[in-house]
Amino acid sequence: QVQLVESGGGLVQTGGSLRLSCSTSQSIFDIYLMGWYRQAPEKQRELVATISKGGTTTYADSVKGRFTVFRNNAWDTIYLQMNSLKPEDTAVYSCNSNYIFWGPGIQVTVSS
């Protein structure tokens with residue numbers, strides 16, 4: 001069974017930075033896309049960023065220029081570097097593999 005585990009969340013002040021990590025037990029040969037999503041209270045889950053096996057990245061307009069998604073060489077861990085954080089970035093962040101498998105999520109709280 002594929003497992004995804006996020007880490008690195010927490011509480012940060014406006015303008016601060018956090019780096020999230022997501023490790024997967026999935027074989028690297030089976031992964032073609034991984035992504036970060038977030039869900040704020042009483043809001044729908046939204047896509048934050050994706051990274052393909054080939055290294056192509058996409059970002060939500062709301063995080064462009066502030067967030068960076070990247071991966072390790074083994075392609076079993078992806079990261080989300082979040083800079084210039086805003087209170088509206090507060091949410092539970094989850095990683096996803098191939099649009100199928102999900103991590104449990106991790107809380108990110110940005111205080112004003």
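All figures in this text were calculated on a predicted structure; none of them were measured in a lab.
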Nearest 0.5 Å please: distance from the [atom1] atom of [X] over to the [atom2] atom of [Y].
X	Y	atom1	atom2	result
Arg38	Ile106	CZ	CD1	15.0 Å
Leu11	Gln107	CG	CD	9.5 Å
Phe101	Ile31	CZ	CD1	9.5 Å
Thr56	Leu33	OG1	CG	9.5 Å
Glu46	Tyr37	CD	OH	11.0 Å
Ser21	Asn72	OG	CG	9.5 Å

field: Cys22 and its side chain to side chain contact (heavy atoms under 4.5 Å, CB included) partner, picked from Ile78, Asp76, Thr77
entry: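 Only one option passes, and that is Ile78.
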
task: Can you spot which of Asp89, Leu20, Val92 makes a side chain to side chain contact (heavy atoms under 4.5 Å, CB included) with Val108?
output: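 Exactly one pass, corresponding to Leu20.
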
message: More than 12 heavy atoms of other residues, nucleotides or ligands under 6.0 Å from CD of Glu88: yes or no?
response: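 Check passes, neighbour count above 12.
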
Using every non-hydrogen atom in the two residues, find where [X] and [Y] come nearest and quote the distance to one decimal.
X	Y	value
Val48	Val63	O-CG2, 3.7 Å
Ala49	Leu80	CB-CD1, 4.2 Å
Gly105	Ser94	CA-OG, 3.5 Å
Pro104	Glu6	CD-OE1, 3.1 Å
Ala40	Ala91	N-CB, 3.8 Å

Measuring only between side-chain heavy atoms, which start at C-beta, is [X] closer than 4.5 Å to [Y]?
X	Y	result
Ser17	Val12	no
Tyr59	Trp36	no
Leu85	Gln13	no
Arg45	Asn96	no

When you measure from the side chain of [X] to the backbone of [Y], do you find a donor-acceptor pair of N or O atoms at a distance under 3.5 Å?
X	Y	value
Thr90	Val110	yes
Thr14	Lys86	no
Arg71	Ser52	yes

Between Thr58 and Thr50, a side-chain donor and acceptor under 3.5 Å: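 The criterion, which ignores hydrogens and geometry beyond distance, is satisfied for Thr50 and Thr58.
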
Aromatic ring pairing Tyr79/Phe70, orientation class (parallel under 30°, perpendicular over 60°, tilted between):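 The arrangement is parallel - the two ring planes meet at less than 30°.
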
